[in-house]
Amino acid sequence: MSTAHTGRPDASMTLITEMMQRPLDPGYAAAAESRQKSGLPPATSHRGPMLVIFAVLIGALLATSALALRAPTTSASQIKSALVGRIEASRAHADAQTRLIVSLRTQIDTAQATALSQQSQSGLAADLSKLELAAGTVPVTGPGLVLILDDAPPQASAKGSNVDPRAATAPDQGKVIARDLQIIVNGLWQAGAEAISVNGHRITARASIRFAGEAILVDYRPLVRPYAITAIGDPGSLSVEFADNDGGSYLQSLKANYKIRGDIQARDSVVVPGEPALSLQEAQPVQSSVTTRAPTTTFGRTPSPTTSQPTETSP
Amino acid sequence: MIPALGLLVGLAVGLFLHPAVPLALQPYLPIAVIAALDAVFGGVRAVLDGIFNDKVFVVSFLSNVVVAAFIVFLGDQLGVGSQLSTGVVVVLGIRIFSNVASIRRHLFRA
(Lines give C-alpha, C1' and ligand atoms only; values in the text may rest on other atoms or scores of the structure.)
Protein backbone atom coordinates (compact mmCIF):
# COMPACT_ATOMS: atom_id res chain seq x y z
CA MET A 1 0.00 0.00 0.00
CA SER A 2 1.22 3.47 -0.81
CA THR A 3 2.30 5.67 2.02
CA ALA A 4 1.20 9.26 2.48
CA HIS A 5 2.59 11.65 -0.11
CA THR A 6 3.54 15.18 0.67
CA GLY A 7 1.65 18.03 -0.94
CA ARG A 8 -1.46 16.07 -1.78
CA PRO A 9 -4.58 18.12 -2.37
CA ASP A 10 -6.49 16.14 0.25
CA ALA A 11 -3.81 16.54 2.89
CA SER A 12 -6.32 17.97 5.30
CA MET A 13 -8.27 14.71 5.23
CA THR A 14 -5.40 12.52 6.35
CA LEU A 15 -7.51 10.58 8.81
CA ILE A 16 -10.00 9.47 6.18
CA THR A 17 -7.28 8.89 3.58
CA GLU A 18 -5.30 6.80 6.01
CA MET A 19 -8.35 4.77 6.92
CA MET A 20 -9.39 4.21 3.31
CA GLN A 21 -5.98 3.52 1.80
CA ARG A 22 -4.32 1.50 4.52
CA PRO A 23 -7.08 -0.52 6.10
CA LEU A 24 -4.77 -3.48 6.72
CA ASP A 25 -3.01 -3.60 10.03
CA PRO A 26 0.55 -2.31 9.33
CA GLY A 27 1.76 -4.98 11.73
CA TYR A 28 1.31 -7.61 9.03
CA ALA A 29 3.68 -5.81 6.64
CA ALA A 30 6.22 -5.17 9.42
CA ALA A 31 6.15 -8.80 10.58
CA ALA A 32 6.52 -10.05 7.02
CA GLU A 33 9.50 -7.76 6.47
CA SER A 34 11.28 -8.89 9.60
CA ARG A 35 10.65 -12.54 8.71
CA GLN A 36 12.08 -12.00 5.23
CA LYS A 37 15.13 -10.33 6.72
CA SER A 38 15.82 -13.42 8.87
CA GLY A 39 15.49 -15.69 5.82
CA LEU A 40 11.99 -17.08 6.48
CA PRO A 41 9.06 -16.94 4.06
CA PRO A 42 6.97 -13.77 4.63
CA ALA A 43 3.78 -15.62 5.61
CA THR A 44 3.49 -18.04 8.50
CA SER A 45 1.53 -21.26 8.36
CA HIS A 46 -2.25 -21.01 8.41
CA ARG A 47 -2.69 -24.01 10.61
CA GLY A 48 -1.02 -23.05 13.83
CA PRO A 49 -2.85 -24.27 16.95
CA MET A 50 -3.28 -20.73 18.28
CA LEU A 51 -4.91 -19.63 15.05
CA VAL A 52 -7.36 -22.53 15.12
CA ILE A 53 -8.20 -21.84 18.77
CA PHE A 54 -8.93 -18.22 17.98
CA ALA A 55 -10.98 -19.13 14.93
CA VAL A 56 -13.15 -21.34 17.14
CA LEU A 57 -13.34 -18.52 19.68
CA ILE A 58 -14.45 -15.98 17.07
CA GLY A 59 -17.08 -18.34 15.71
CA ALA A 60 -18.43 -18.94 19.19
CA LEU A 61 -18.44 -15.20 19.82
CA LEU A 62 -20.45 -14.53 16.66
CA ALA A 63 -23.01 -17.24 17.40
CA THR A 64 -23.32 -16.30 21.07
CA SER A 65 -23.81 -12.63 20.47
CA ALA A 66 -26.27 -13.25 17.67
CA LEU A 67 -28.33 -15.45 20.00
CA ALA A 68 -27.97 -13.23 23.06
CA LEU A 69 -28.85 -9.98 21.32
CA ARG A 70 -31.64 -11.38 19.22
CA ALA A 71 -33.46 -13.08 22.09
CA PRO A 72 -35.19 -10.13 23.85
CA THR A 73 -37.03 -8.80 20.81
CA THR A 74 -38.16 -12.22 19.66
CA SER A 75 -39.34 -13.24 23.12
CA ALA A 76 -41.42 -10.05 23.42
CA SER A 77 -42.94 -10.49 19.99
CA GLN A 78 -43.47 -14.19 20.70
CA ILE A 79 -45.48 -13.34 23.79
CA LYS A 80 -47.46 -10.76 21.85
CA SER A 81 -48.26 -13.10 18.99
CA ALA A 82 -49.12 -15.84 21.46
CA LEU A 83 -51.53 -13.50 23.23
CA VAL A 84 -53.07 -12.42 19.94
CA GLY A 85 -53.50 -16.04 18.97
CA ARG A 86 -55.14 -16.84 22.30
CA ILE A 87 -57.52 -13.90 21.95
CA GLU A 88 -58.49 -14.97 18.46
CA ALA A 89 -58.91 -18.58 19.47
CA SER A 90 -61.04 -17.62 22.48
CA ARG A 91 -63.19 -15.32 20.36
CA ALA A 92 -63.73 -18.04 17.74
CA HIS A 93 -64.52 -20.48 20.54
CA ALA A 94 -67.03 -18.04 22.06
CA ASP A 95 -68.69 -17.50 18.68
CA ALA A 96 -68.94 -21.23 18.10
CA GLN A 97 -70.41 -21.74 21.58
CA THR A 98 -72.93 -18.95 20.95
CA ARG A 99 -74.03 -20.61 17.73
CA LEU A 100 -74.29 -23.91 19.59
CA ILE A 101 -76.42 -22.23 22.27
CA VAL A 102 -78.73 -20.80 19.64
CA SER A 103 -79.23 -24.14 17.95
CA LEU A 104 -79.69 -25.94 21.27
CA ARG A 105 -82.13 -23.26 22.39
CA THR A 106 -84.26 -23.77 19.30
CA GLN A 107 -84.18 -27.53 19.94
CA ILE A 108 -85.26 -26.98 23.52
CA ASP A 109 -88.01 -24.64 22.41
CA THR A 110 -89.44 -27.08 19.91
CA ALA A 111 -89.16 -29.93 22.40
CA GLN A 112 -90.88 -27.81 25.04
CA ALA A 113 -93.63 -26.85 22.64
CA THR A 114 -94.27 -30.44 21.62
CA ALA A 115 -94.19 -31.65 25.22
CA LEU A 116 -96.60 -28.96 26.36
CA SER A 117 -98.94 -29.53 23.45
CA GLN A 118 -98.90 -33.27 24.08
CA GLN A 119 -99.92 -32.68 27.67
CA SER A 120 -102.45 -30.14 26.39
CA GLN A 121 -101.00 -27.52 28.73
CA SER A 122 -101.58 -24.65 26.35
CA GLY A 123 -101.84 -22.25 29.29
CA LEU A 124 -98.30 -23.12 30.37
CA ALA A 125 -97.01 -22.69 26.82
CA ALA A 126 -98.58 -19.25 26.59
CA ASP A 127 -97.09 -18.30 29.98
CA LEU A 128 -93.69 -19.52 28.85
CA SER A 129 -93.68 -17.52 25.63
CA LYS A 130 -94.83 -14.44 27.55
CA LEU A 131 -92.03 -14.82 30.07
CA GLU A 132 -89.47 -15.42 27.33
CA LEU A 133 -90.65 -12.26 25.66
CA ALA A 134 -90.26 -10.29 28.87
CA ALA A 135 -86.86 -11.76 29.70
CA GLY A 136 -85.52 -11.01 26.26
CA THR A 137 -84.37 -14.46 25.25
CA VAL A 138 -86.31 -14.49 21.99
CA PRO A 139 -86.14 -12.03 19.11
CA VAL A 140 -89.05 -9.62 19.01
CA THR A 141 -90.46 -7.39 16.34
CA GLY A 142 -92.86 -4.50 16.30
CA PRO A 143 -93.11 -0.79 15.60
CA GLY A 144 -90.39 1.33 17.09
CA LEU A 145 -87.52 3.76 16.73
CA VAL A 146 -84.04 3.43 15.29
CA LEU A 147 -81.55 5.90 16.72
CA ILE A 148 -78.27 6.13 14.82
CA LEU A 149 -75.53 7.71 16.91
CA ASP A 150 -72.13 8.52 15.46
CA ASP A 151 -68.99 10.49 16.25
CA ALA A 152 -68.66 14.09 15.12
CA PRO A 153 -67.66 14.46 11.47
CA PRO A 154 -63.87 14.27 11.24
CA GLN A 155 -63.39 17.32 9.04
CA ALA A 156 -64.78 19.56 11.76
CA SER A 157 -62.17 18.43 14.28
CA ALA A 158 -59.40 18.54 11.64
CA LYS A 159 -60.31 22.13 10.84
CA GLY A 160 -60.27 22.93 14.54
CA SER A 161 -56.78 21.50 14.96
CA ASN A 162 -55.55 23.67 12.10
CA VAL A 163 -56.89 26.76 13.80
CA ASP A 164 -55.75 25.82 17.27
CA PRO A 165 -52.72 23.57 17.53
CA ARG A 166 -53.59 22.73 21.11
CA ALA A 167 -56.89 21.23 20.09
CA ALA A 168 -55.01 18.21 18.79
CA THR A 169 -53.61 17.44 22.23
CA ALA A 170 -56.98 17.75 23.95
CA PRO A 171 -59.05 14.55 24.12
CA ASP A 172 -61.43 14.18 21.23
CA GLN A 173 -64.71 15.65 22.44
CA GLY A 174 -66.64 14.56 19.37
CA LYS A 175 -66.48 10.85 20.19
CA VAL A 176 -69.46 8.91 21.46
CA ILE A 177 -68.55 7.41 24.82
CA ALA A 178 -70.18 4.64 26.82
CA ARG A 179 -71.85 7.16 29.15
CA ASP A 180 -73.70 8.75 26.21
CA LEU A 181 -75.10 5.38 25.20
CA GLN A 182 -76.08 4.61 28.81
CA ILE A 183 -77.99 7.86 29.26
CA ILE A 184 -79.75 7.56 25.90
CA VAL A 185 -80.70 3.92 26.46
CA ASN A 186 -81.99 4.75 29.94
CA GLY A 187 -83.97 7.60 28.41
CA LEU A 188 -85.52 5.20 25.93
CA TRP A 189 -86.51 2.81 28.76
CA GLN A 190 -87.98 5.76 30.59
CA ALA A 191 -89.93 6.74 27.50
CA GLY A 192 -91.61 3.37 27.50
CA ALA A 193 -89.50 1.21 25.21
CA GLU A 194 -90.30 -2.48 25.55
CA ALA A 195 -87.15 -3.96 24.05
CA ILE A 196 -83.84 -2.32 23.14
CA SER A 197 -80.80 -3.53 21.27
CA VAL A 198 -77.55 -1.71 20.52
CA ASN A 199 -75.83 -2.79 17.29
CA GLY A 200 -77.70 -6.07 17.44
CA HIS A 201 -76.93 -6.78 21.12
CA ARG A 202 -80.08 -7.10 23.18
CA ILE A 203 -80.12 -5.04 26.37
CA THR A 204 -81.40 -7.59 28.85
CA ALA A 205 -81.46 -7.62 32.61
CA ARG A 206 -77.86 -8.88 32.58
CA ALA A 207 -76.43 -6.71 29.81
CA SER A 208 -74.35 -3.68 30.65
CA ILE A 209 -72.96 -0.79 28.66
CA ARG A 210 -69.38 -0.27 29.70
CA PHE A 211 -66.16 1.09 28.35
CA ALA A 212 -62.69 -0.40 28.12
CA GLY A 213 -60.25 2.28 27.14
CA GLU A 214 -61.88 3.97 24.18
CA ALA A 215 -63.97 0.99 23.16
CA ILE A 216 -67.63 0.74 24.09
CA LEU A 217 -68.67 -2.69 25.31
CA VAL A 218 -72.24 -3.86 25.31
CA ASP A 219 -72.74 -7.20 26.98
CA TYR A 220 -68.91 -7.51 27.07
CA ARG A 221 -68.65 -7.31 23.29
CA PRO A 222 -66.93 -4.34 21.66
CA LEU A 223 -68.96 -2.15 19.33
CA VAL A 224 -67.86 -0.31 16.21
CA ARG A 225 -69.39 2.97 15.19
CA PRO A 226 -71.99 3.99 14.10
CA TYR A 227 -74.12 2.88 17.04
CA ALA A 228 -77.63 1.84 16.06
CA ILE A 229 -80.04 1.74 19.00
CA THR A 230 -83.23 -0.09 18.15
CA ALA A 231 -86.18 0.33 20.52
CA ILE A 232 -89.60 -1.26 20.24
CA GLY A 233 -92.58 0.77 21.39
CA ASP A 234 -95.25 3.02 20.00
CA PRO A 235 -93.20 5.28 17.71
CA GLY A 236 -95.30 8.37 18.34
CA SER A 237 -95.39 8.34 22.13
CA LEU A 238 -91.86 6.91 22.37
CA SER A 239 -90.32 9.78 20.40
CA VAL A 240 -92.39 12.40 22.24
CA GLU A 241 -91.56 11.00 25.68
CA PHE A 242 -87.91 10.55 24.78
CA ALA A 243 -87.63 14.11 23.53
CA ASP A 244 -89.08 15.30 26.85
CA ASN A 245 -86.96 13.32 29.29
CA ASP A 246 -83.30 13.44 30.31
CA GLY A 247 -82.09 11.14 27.55
CA GLY A 248 -83.61 13.30 24.82
CA SER A 249 -82.25 16.55 26.19
CA TYR A 250 -78.85 14.90 26.67
CA LEU A 251 -78.88 13.83 23.01
CA GLN A 252 -79.85 17.35 21.99
CA SER A 253 -76.95 18.85 23.92
CA LEU A 254 -74.55 16.26 22.45
CA LYS A 255 -75.68 17.27 18.98
CA ALA A 256 -75.54 20.99 19.71
CA ASN A 257 -72.29 21.15 21.67
CA TYR A 258 -70.13 18.35 20.34
CA LYS A 259 -71.44 17.93 16.77
CA ILE A 260 -72.20 14.28 17.54
CA ARG A 261 -74.57 12.94 14.91
CA GLY A 262 -77.82 11.50 16.23
CA ASP A 263 -80.72 10.60 13.99
CA ILE A 264 -84.05 9.21 15.20
CA GLN A 265 -86.26 7.41 12.72
CA ALA A 266 -89.69 5.95 13.39
CA ARG A 267 -90.23 2.60 11.74
CA ASP A 268 -93.34 0.51 11.32
CA SER A 269 -91.48 -2.69 12.01
CA VAL A 270 -88.11 -3.18 13.67
CA VAL A 271 -86.51 -6.40 14.88
CA VAL A 272 -84.69 -6.68 18.20
CA PRO A 273 -82.68 -9.90 18.44
CA GLY A 274 -82.87 -12.14 21.47
CA GLU A 275 -80.06 -12.89 23.89
CA PRO A 276 -79.90 -16.68 23.85
CA ALA A 277 -77.19 -17.06 26.50
CA LEU A 278 -79.35 -15.69 29.29
CA SER A 279 -79.18 -18.26 32.03
CA LEU A 280 -78.88 -18.01 35.78
CA GLN A 281 -76.70 -20.42 37.68
CA GLU A 282 -76.86 -19.26 41.28
CA ALA A 283 -80.05 -17.23 41.53
CA GLN A 284 -83.06 -19.11 42.88
CA PRO A 285 -86.62 -17.82 42.95
CA VAL A 286 -87.68 -16.70 46.44
CA GLN A 287 -90.39 -18.95 47.86
CA SER A 288 -93.83 -17.43 47.93
CA SER A 289 -94.94 -16.05 51.31
CA VAL A 290 -97.96 -18.32 51.19
CA THR A 291 -95.88 -21.51 51.30
CA THR A 292 -92.91 -20.62 53.53
CA ARG A 293 -91.58 -17.64 55.37
CA ALA A 294 -88.04 -16.98 54.34
CA PRO A 295 -85.92 -17.11 57.52
CA THR A 296 -82.79 -15.58 56.10
CA THR A 297 -84.16 -12.23 55.16
CA THR A 298 -82.60 -9.42 57.16
CA PHE A 299 -85.25 -6.85 56.54
CA GLY A 300 -87.87 -8.60 58.60
CA ARG A 301 -90.46 -8.55 55.90
CA THR A 302 -91.63 -11.42 53.85
CA PRO A 303 -90.30 -11.14 50.36
CA SER A 304 -92.90 -11.28 47.69
CA PRO A 305 -92.38 -13.24 44.50
CA THR A 306 -90.43 -11.14 42.11
CA THR A 307 -92.66 -9.11 39.95
CA SER A 308 -91.47 -8.42 36.47
CA GLN A 309 -89.47 -5.25 36.78
CA PRO A 310 -88.65 -3.25 33.70
CA THR A 311 -85.08 -4.05 32.86
CA GLU A 312 -82.66 -1.22 33.22
CA THR A 313 -79.11 -0.86 32.06
CA SER A 314 -76.58 -0.92 34.80
CA PRO A 315 -74.62 2.31 34.95
CA MET B 1 -8.82 -23.99 5.32
CA ILE B 2 -8.36 -25.34 8.83
CA PRO B 3 -9.06 -21.93 10.48
CA ALA B 4 -12.25 -21.67 8.40
CA LEU B 5 -13.31 -25.08 9.69
CA GLY B 6 -12.49 -23.86 13.19
CA LEU B 7 -14.75 -20.86 12.63
CA LEU B 8 -17.60 -23.15 11.61
CA VAL B 9 -16.96 -25.39 14.64
CA GLY B 10 -17.08 -22.33 16.86
CA LEU B 11 -20.35 -21.20 15.29
CA ALA B 12 -21.85 -24.64 15.84
CA VAL B 13 -20.63 -24.71 19.46
CA GLY B 14 -22.16 -21.30 20.11
CA LEU B 15 -25.43 -22.26 18.47
CA PHE B 16 -25.85 -25.57 20.25
CA LEU B 17 -24.42 -24.82 23.68
CA HIS B 18 -26.26 -21.50 23.79
CA PRO B 19 -24.10 -20.02 26.56
CA ALA B 20 -25.77 -17.40 28.72
CA VAL B 21 -24.16 -13.97 28.47
CA PRO B 22 -24.15 -11.92 31.70
CA LEU B 23 -26.30 -8.84 31.39
CA ALA B 24 -23.38 -6.56 32.23
CA LEU B 25 -21.42 -7.82 29.23
CA GLN B 26 -24.24 -7.51 26.69
CA PRO B 27 -23.55 -3.88 25.64
CA TYR B 28 -20.05 -4.93 24.61
CA LEU B 29 -21.10 -7.87 22.46
CA PRO B 30 -21.95 -5.95 19.26
CA ILE B 31 -18.70 -4.02 19.46
CA ALA B 32 -16.77 -7.22 20.10
CA VAL B 33 -18.40 -8.79 17.07
CA ILE B 34 -17.48 -5.86 14.83
CA ALA B 35 -13.90 -5.91 16.13
CA ALA B 36 -13.67 -9.66 15.56
CA LEU B 37 -14.99 -9.28 12.01
CA ASP B 38 -12.42 -6.58 11.36
CA ALA B 39 -9.62 -8.86 12.55
CA VAL B 40 -10.96 -11.77 10.48
CA PHE B 41 -11.21 -9.80 7.25
CA GLY B 42 -7.79 -8.23 7.89
CA GLY B 43 -6.38 -11.72 8.35
CA VAL B 44 -7.99 -13.03 5.18
CA ARG B 45 -6.62 -10.11 3.25
CA ALA B 46 -3.15 -10.69 4.69
CA VAL B 47 -3.34 -14.34 3.61
CA LEU B 48 -4.18 -13.27 0.08
CA ASP B 49 -1.42 -10.66 0.14
CA GLY B 50 0.97 -13.39 1.25
CA ILE B 51 2.05 -11.65 4.42
CA PHE B 52 -0.12 -13.44 7.00
CA ASN B 53 1.28 -13.80 10.49
CA ASP B 54 -0.65 -15.68 13.12
CA LYS B 55 0.84 -13.74 16.02
CA VAL B 56 -0.17 -10.43 14.45
CA PHE B 57 -3.63 -11.80 13.78
CA VAL B 58 -4.19 -12.94 17.36
CA VAL B 59 -2.78 -9.77 18.86
CA SER B 60 -4.80 -7.55 16.53
CA PHE B 61 -7.98 -9.47 17.34
CA LEU B 62 -7.44 -9.26 21.08
CA SER B 63 -6.43 -5.61 21.05
CA ASN B 64 -9.36 -4.69 18.78
CA VAL B 65 -11.86 -6.35 21.11
CA VAL B 66 -10.30 -4.99 24.28
CA VAL B 67 -9.93 -1.43 23.00
CA ALA B 68 -13.43 -1.38 21.53
CA ALA B 69 -14.92 -2.70 24.78
CA PHE B 70 -12.90 -0.18 26.76
CA ILE B 71 -14.11 2.70 24.60
CA VAL B 72 -17.70 1.63 25.06
CA PHE B 73 -17.18 1.17 28.81
CA LEU B 74 -15.64 4.63 29.08
CA GLY B 75 -18.48 6.07 27.03
CA ASP B 76 -21.01 4.44 29.34
CA GLN B 77 -19.30 6.01 32.34
CA LEU B 78 -19.33 9.41 30.64
CA GLY B 79 -22.90 9.09 29.42
CA VAL B 80 -22.01 8.98 25.73
CA GLY B 81 -21.85 5.21 25.36
CA SER B 82 -24.11 5.00 22.33
CA GLN B 83 -22.25 7.77 20.47
CA LEU B 84 -18.87 6.13 21.09
CA SER B 85 -20.30 2.76 20.02
CA THR B 86 -21.43 4.41 16.80
CA GLY B 87 -17.93 5.85 16.31
CA VAL B 88 -16.31 2.46 16.82
CA VAL B 89 -18.76 0.82 14.44
CA VAL B 90 -18.12 3.48 11.78
CA VAL B 91 -14.33 3.23 11.96
CA LEU B 92 -14.21 -0.56 12.04
CA GLY B 93 -16.95 -0.74 9.40
CA ILE B 94 -14.92 1.37 6.98
CA ARG B 95 -11.91 -0.87 7.58
CA ILE B 96 -13.99 -3.98 7.02
CA PHE B 97 -15.35 -2.65 3.74
CA SER B 98 -11.91 -1.64 2.44
CA ASN B 99 -10.45 -5.02 3.38
CA VAL B 100 -13.37 -6.82 1.75
CA ALA B 101 -12.88 -4.71 -1.39
CA SER B 102 -9.22 -5.75 -1.46
CA ILE B 103 -10.15 -9.41 -0.94
CA ARG B 104 -12.64 -9.11 -3.79
CA ARG B 105 -9.91 -7.72 -6.07
CA HIS B 106 -7.69 -10.64 -5.14
CA LEU B 107 -10.31 -13.29 -5.69
CA PHE B 108 -12.21 -12.02 -8.73
CA ARG B 109 -9.68 -9.66 -10.26
CA ALA B 110 -12.39 -7.03 -10.27
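The chains referred to below are lettered A, B, ... by the order of the sequence lines, with proteins before strands, and numbering in each begins at 1. Just so you know, these numbers use all the heavy atoms, side chains as well, and skip hydrogens, waters and symmetry mates.
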Measuring only between side-chain heavy atoms, which start at C-beta, is [X] closer than 4.5 Å to [Y]?
X: L62(A); Y: L11(B); value: yes
X: Y28(A); Y: V47(B); value: no
X: V58(B); Y: M50(A); value: yes
X: L37(B); Y: I58(A); value: no

Using a 6.0 Å cut-off, check whether atom CZ of F73(B) has over 12 heavy atoms from anything other than its own residue. no

Under 4.5 Å from any heavy atom of chain A - which part of V40(B):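 For V40(B), the side chain is the part near chain A, not the backbone.
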
Using non-hydrogen atoms and a 4.5 Å limit, figure out which bit of L5(B) sits close to chain A: side chain, backbone, both or neither. neither

Please report the closest heavy-atom contact between A31(A) and V56(B), naming both atoms and the distance.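 Closest pair (atom of A31(A), atom of V56(B), distance): CB-CG2, 3.7 Å.
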
Specify the closest pair of heavy atoms between L61(A) and A32(B), including all atoms of both residues, with the distance to one decimal. CD2-O, 3.8 Å

State the [atom1]-[atom2] distance between [X] and [Y], to the nearest 0.5 angstrom.
X: L57(A); Y: L62(B); atom1: CG; atom2: CG; value: 8.5 Å
X: S65(A); Y: I34(B); atom1: OG; atom2: CD1; value: 9.5 Å
X: E33(A); Y: I51(B); atom1: CD; atom2: CD1; value: 10.0 Å

So, F61(B) versus F54(A), ring centres under 6.0 angstrom or not?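 Between F54(A) and F61(B), which both carry aromatic rings, the centre distance is below 6.0 Å.
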
